[in-house]
Participant: 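Quick one: the structure is below, and I'll ask about it shortly.
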Amino acid sequence: MKITFPDKNVREYAPGTTGLDIAKSISEGLARKVLAARVNGEVRDLARPVDSDAAIEFLTWDDTDGKSTFWHSSAHLMAEALEHFYPGVKFWVGPPVENGFYYDVDLRGKTISNEDFSKIEAKMKELAKQKNAYVRKEMPKEEAVRYFSDKDDEYKLDLLEGLEDGQITFYTQGNFTDLCKGPHIPNTGLIKAIKLMNVAGAYWKGDDSNKQLTRLYGVTFPKQKDLDEYLAMLEEARKRDHRKLGRDLSLFMFDDDVGPGLPLWMPNGAVIIDELEKLARQTERDAGYVRVRTPHIAKESMYKTSGHLPYYADSMYPPMEMEGERYYLKAMNCPHHHKIFGHMNASYRDLPIRLAEYGTCYRYEQSGELFGLMRVRSLQMNDAHIYCTEEQFAEEFRAVNDMYLRYFRIFNIDKYVMRFSTHSADKLGKKYVDNAELWLKTEKMVRDVLVESGIPHVEVADEAAFYGPKIDVQVWSAIGKEFTIATNQVDFAQPGRFGLEYRNSKNEMETPICIHRAPLGTHERFIGFLTEHYAGNFPLWLAPHQVSILPISDRFNAYALRIHGLLNNSDIRSLIDRRDEKIGRKIRDAELQKVPYMLIVGEKEEQEGTVSVRQHRQGDAGTRTIDLFISDLKAEIQRQTSV
RNA sequence: GCCGUUGUAGCUCAGUGGUAGAGCACUUCCUUGGUAAGGAAGAGGUCAUGAGUUCAAUUCUCAUCAACGGCUCCA
């Protein structure tokens, strides 16, 4: 048979030669590290014979599929160790994930704690050293059902139910056998470095009405060095964590007396908010938005009109009763804005009307969901609602996307995914407003805009808002959690529910389409994200303190104060370190506080009217006159915000 | 909301069935110093909260609250 390799090289082998033997025929080195083979596009065990002409690619640790196979096999290894320590344990599924693998198990009342990790790891290492082969075996489905019935294993029986009749594959390594479609690495000996990461509860089949299984996360590597590097990388990520930096840089805080998920912005954090709002105000003014302001509460009747109540009552703070009326804290700004549009008596000549507000909302997020600033219960949204005609829609939607992209350039955000969420037909009338025709029409409009603008995106069914399709921008926190940072949503439902109308050119009343958009998301999430994105090293225009003035000794405090005044007059945020400390110490602390510029001032500077400039993380940047320094800084700020 | 873990000074963390300790930060004094930590002294804690066991609880038990790791959710 003819075997074709990725480099188009073709070699002849006897039919039935295994993948591993083919690898060996190329080189012993390859045979030692190869994990699996991609045969005609299908990832397969190396031990499986190849029977006819095929294209083969050998997968190693450096291939995503190789890694996944390695981790999948590691999950089986962990399962074997678990069975040793917890006889009778039942297994659900154990897939590879982005950074390792997990196995969901039913410990039947027992628990695993972090203290148990080391003994499980030790057992895994011991089993790995045995270099047990992962042996594939097929049996008819009836036989498999009998096998698991005998073991009284309801989980695997449930898995089998979902499989097609026919041959079922099993894998055995050492004393552990698992229902598994594979593929697997040749033997356990390839797994050299093992680390159990954490243990967590996970609902069976991801359904919160089901019982919870114990999910054990682990990660393995072919070399100890890889594990060490991975752990070091995690350590680095933790240093970027906005919760840590938020404390270290005094950006925000939480307090038990205030409540969970209710951040308090400290002066440094409030500066960043002010700068973001300034940027948004200018950007929106230039794009034809007008600003509005609305109260934080509204009567129940408005949320009945909007249609939010049936969908979201659970995640709103409970209502307050006043004079026989129920008032809710607002969880979204749209109904208030719809009311304003409704009073504007708009004609088609006025459209589009774009109402913007940094609206403060309150959402009663589930307690287990709260996460630093990224998931909170009080939040201020970079919100706006655009009311336009159907003809104007595509252009408006495109303009909103352009605004996103400009913001991303300003903040240098390049790792994100645009997610286009559509409805699911079987949930019309339940999760979604029941108007199939409008759903399809608006989804097509959105899709067309995305395609025409060449915006890369992924389309996900059954993730839309109840009132229309949406585009979310997904980003990741330092520790790898995924978040929506910005959103752009179509709403064809609420304008009708609020009776919103405009007069068209034929003097008839028509209902506008509404676009909800929040390119900067919420202050909370956006600043949480930015903190991690910049690792606390905010660019000059955003930095809470832009300049730290460091007098060499208290003899130069007066000069420092004069500089401080001049910077103030130029809208540059500075502070003076007047502590009775040596200059090295003041520099160190300013560096740790990540202040972009330090001005060292002593005798020489005072006499010459100059400042000695030091740039954060760069070091000494020479001496300049105060005027030149100020104009340099202003230019830098200008550059950063006018991308 | 659910499963698991944790809660000691502003921060990071030791520790103990007999009413608490370190480093950093902070205050004062000495020092007047030139590009990442000068020296000394001092102050600071209802050991998350509430109950229980005990002669005695920060320590053991239970409950509550909060944080953390996941799951479910996310207008």
Side-chain angles (χ1 to χ4, degrees), chain A residues 102 104 107 111-115 197-217 241 243-244 247-248 250 253-261 303 306-309 311-316 330-335 361 363-372 374-375 381 383 431 463-468 470 472 479 481-484 487 489 491 493-494 516 518 525 550-557 579-592 598-605 612-623:
Chain A
Y102 66 79
D104 279 350
L107 293 170
T111 56
I112 289 185
S113 72
N114 298 35
E115 286 86 71
M197 300 306 287
N198 50 50
V199 54
Y203 295 110
W204 184 37
K205 296 185 184 180
D207 183 338
D208 62 3
S209 61
N210 283 340
K211 78 181 281 189
Q212 277 204 338
L213 303 175
T214 303
R215 177 171 295 179
L216 199 53
Y217 284 88
D241 192 317
R243 293 167 297 182
K244 174 176 166 46
R247 252 198 317 273
D248 293 348
S250 303
M253 55 173 279
F254 290 92
D255 184 276
D256 279 0
D257 266 344
V258 177
Y303 297 109
S306 71
H308 283 96
L309 224 41
Y311 296 98
Y312 300 112
D314 283 352
S315 46
M316 292 172 78
K330 71 175 170 186
M332 69 297 291
N333 301 302
C334 32
C361 299
R363 297 179 177 178
Y364 197 79
E365 301 285 1
Q366 295 183 15
S367 58
E369 277 309 323
L370 301 175
F371 176 75
M374 305 294 238
R375 197 74 182 269
M381 250 195 284
D383 214 355
K431 187 172 170 185
E463 291 284 331
F466 76 86
Y467 46 64
K470 61 176 181 176
D472 292 322
I479 60 167
K481 273 180 193 272
E482 182 175 340
F483 288 95
T484 299
T487 185
Q489 314 180 344
D491 184 347
Q494 286 193 63
H516 304 230
R525 188 171 288 180
L550 313 178
I552 294 285
S553 82
D554 57 11
R555 298 212 318 268
F556 311 104
N557 283 353
R579 289 175 308 164
D580 188 4
E581 292 290 351
K582 290 192 179 172
I583 196 66
R585 179 52 176 277
K586 294 183 181 182
I587 288 169
R588 175 182 156 83
D589 289 345
E591 288 283 353
L592 291 176
M598 284 149 267
L599 297 182
I600 291 134
V601 293
E603 189 157 8
K604 189 162 72 82
E605 288 78 9
S612 179
V613 181
R614 183 189 163 100
Q615 202 174 349
H616 175 48
R617 297 200 297 172
Q618 309 284 322
D620 199 334
T623 299

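Just the heavy atoms: all of them, side chains too, but no hydrogens, waters or symmetry mates, feed the values below.
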Participant: Which of the following nucleotides, B:rA36, B:rU35, B:rG69, is nearest to the side chain of A:E591?
Facilitator: B:rA36
Participant: Could a donor-acceptor pair under 3.5 angstrom be found where the side chain of A:S315 meets the base of B:rA75?
Facilitator: yes
Participant: So what does A:F466 touch, heavy atoms closer than 4.0 Å: a base, only the sugar-phosphate, or nothing?
Facilitator: nothing
Participant: Hey, does A:H516 have a side-chain heavy atom less than 4.5 Å from the side chain of A:N333?
Facilitator: no
Participant: Could you work out which one of B:rC26, B:rA36, B:rA75 sits closest to the side chain of A:L592?
Facilitator: B:rA36
Participant: Please classify the nucleic acid contact of A:K586 as base, sugar-phosphate, or nothing, using heavy-atom distances under 4.0 Å.
Facilitator: nothing
Participant: With a 4.0 Å limit, can you tell me whether A:K604 has a side-chain N or O closer than that to the phosphate oxygens OP1/OP2 of B:rG34?
Facilitator: no
Participant: Need one value for A:Y311: base, sugar-phosphate or nothing, where a base atom within 4.0 Å counts as base even if backbone is also close, heavy atoms only.
Facilitator: nothing
Participant: On RNA chain B, nearest-nucleotide positions of A:D256 versus A:S553: which is more 5'?
Facilitator: A:S553
Participant: Any idea which of B:rC68, B:rA75, B:rG70 is nearest the A:H308 side chain?
Facilitator: B:rA75
Participant: For A:R617, which contact category applies under a 4.0 Å heavy-atom criterion: base, sugar-phosphate, or nothing?
Facilitator: nothing
Participant: Looking only at side-chain atoms of A:D554, point me to the closest of B:rG69, B:rU32, B:rA75.
Facilitator: B:rU32
Participant: By nearest atom, which of the nucleotides B:rC73, B:rC30, B:rG69 is closest to the A:D580 side chain?
Facilitator: B:rC30
Participant: Please determine, for the side chain of A:Y217, which listed nucleotide (B:rG70, B:rG69, B:rU32) has the closest atom?
Facilitator: B:rG70
Participant: Under the 3.5 Å rule, do the base of B:rG1 and the side chain of A:Y364 count as making a donor-acceptor pair?
Facilitator: no
Participant: Please check the phosphate of B:rU12 (OP1 and OP2 only) for any side-chain N or O of A:R247 closer than 4.0 Å.
Facilitator: yes
Participant: Taking for each residue the nucleotide of RNA chain B with the nearest heavy atom, is it A:V199 or A:I552 whose nucleotide lies nearer the 5' end?
Facilitator: A:I552
Participant: Just compare B:rG38, B:rA66, B:rU32 and give me whichever is closest to any side-chain atom of A:P260.
Facilitator: B:rA66
Participant: Nearest to the side chain of A:R614, which nucleotide is it out of B:rA36, B:rU32, B:rG34?
Facilitator: B:rA36
Participant: For the CZ atom on A:F483, are there more than 12 heavy atoms of other groups (residues, nucleotides or ligands in this structure) within a distance under 6.0 Å?
Facilitator: yes
Participant: Looking at the side chain of A:K582, which of B:rG38, B:rU32, B:rA36 is the nearest nucleotide?
Facilitator: B:rG38
Participant: Could you check whether A:D207 pairs with A:K205 (Lys NZ or Arg NE/NH1/NH2 to Asp/Glu carboxylate O, under 4.0 Å)?
Facilitator: no
Participant: Classify the nucleic acid contact of A:F254 as base, sugar-phosphate or nothing, counting any heavy atom under 4.0 Å across all strands shown.
Facilitator: nothing
Participant: Assess whether one donor atom and one acceptor atom, taken from the side chain of A:E605 and the base of B:rG34, lie less than 3.5 Å apart.
Facilitator: yes
Participant: Counting heavy atoms not belonging to A:K244, are there more than 12 under 6.0 Å from its NZ?
Facilitator: no
Participant: When we call it a touch if two heavy atoms are under 4.0 Å apart, what does A:G368 touch: a base, just sugar-phosphate, or nothing?
Facilitator: base
Participant: For A:G206, report the nucleic acid contact type (base, sugar-phosphate, nothing); a contact means any heavy atom under 4.0 Å.
Facilitator: sugar-phosphate
Participant: Over all strands shown, is A:G307 touching base, sugar-phosphate only, or nothing at heavy-atom distances under 4.0 angstrom?
Facilitator: nothing
Participant: What contact category does A:Y102 fall into here, base, sugar-phosphate, or nothing, at under 4.0 angstrom with non-hydrogen atoms?
Facilitator: nothing
Participant: Measuring to OP1 and OP2 of B:rG70, would you say a side-chain N or O of A:K481 lies under 4.0 angstrom away?
Facilitator: yes
Participant: What nucleic acid atoms does A:I600 come within less than 4.0 Å of, heavy atoms only: base, sugar-phosphate, or nothing?
Facilitator: base
Participant: To the side chain of A:Q366, which of B:rA75, B:rG1, B:rC71 is closest?
Facilitator: B:rG1
Participant: So does A:E365 reach the base of B:rC74 with its side chain, donor to acceptor, closer than 3.5 Å?
Facilitator: no
Participant: Please evaluate the base of B:rC73 for a donor-acceptor partner in the side chain of A:R375 within a cut-off of under 3.5 Å?
Facilitator: yes
Participant: Are the side chains of A:Y312 and A:Y303 in touch, meaning some heavy atoms are under 4.5 Å apart?
Facilitator: no
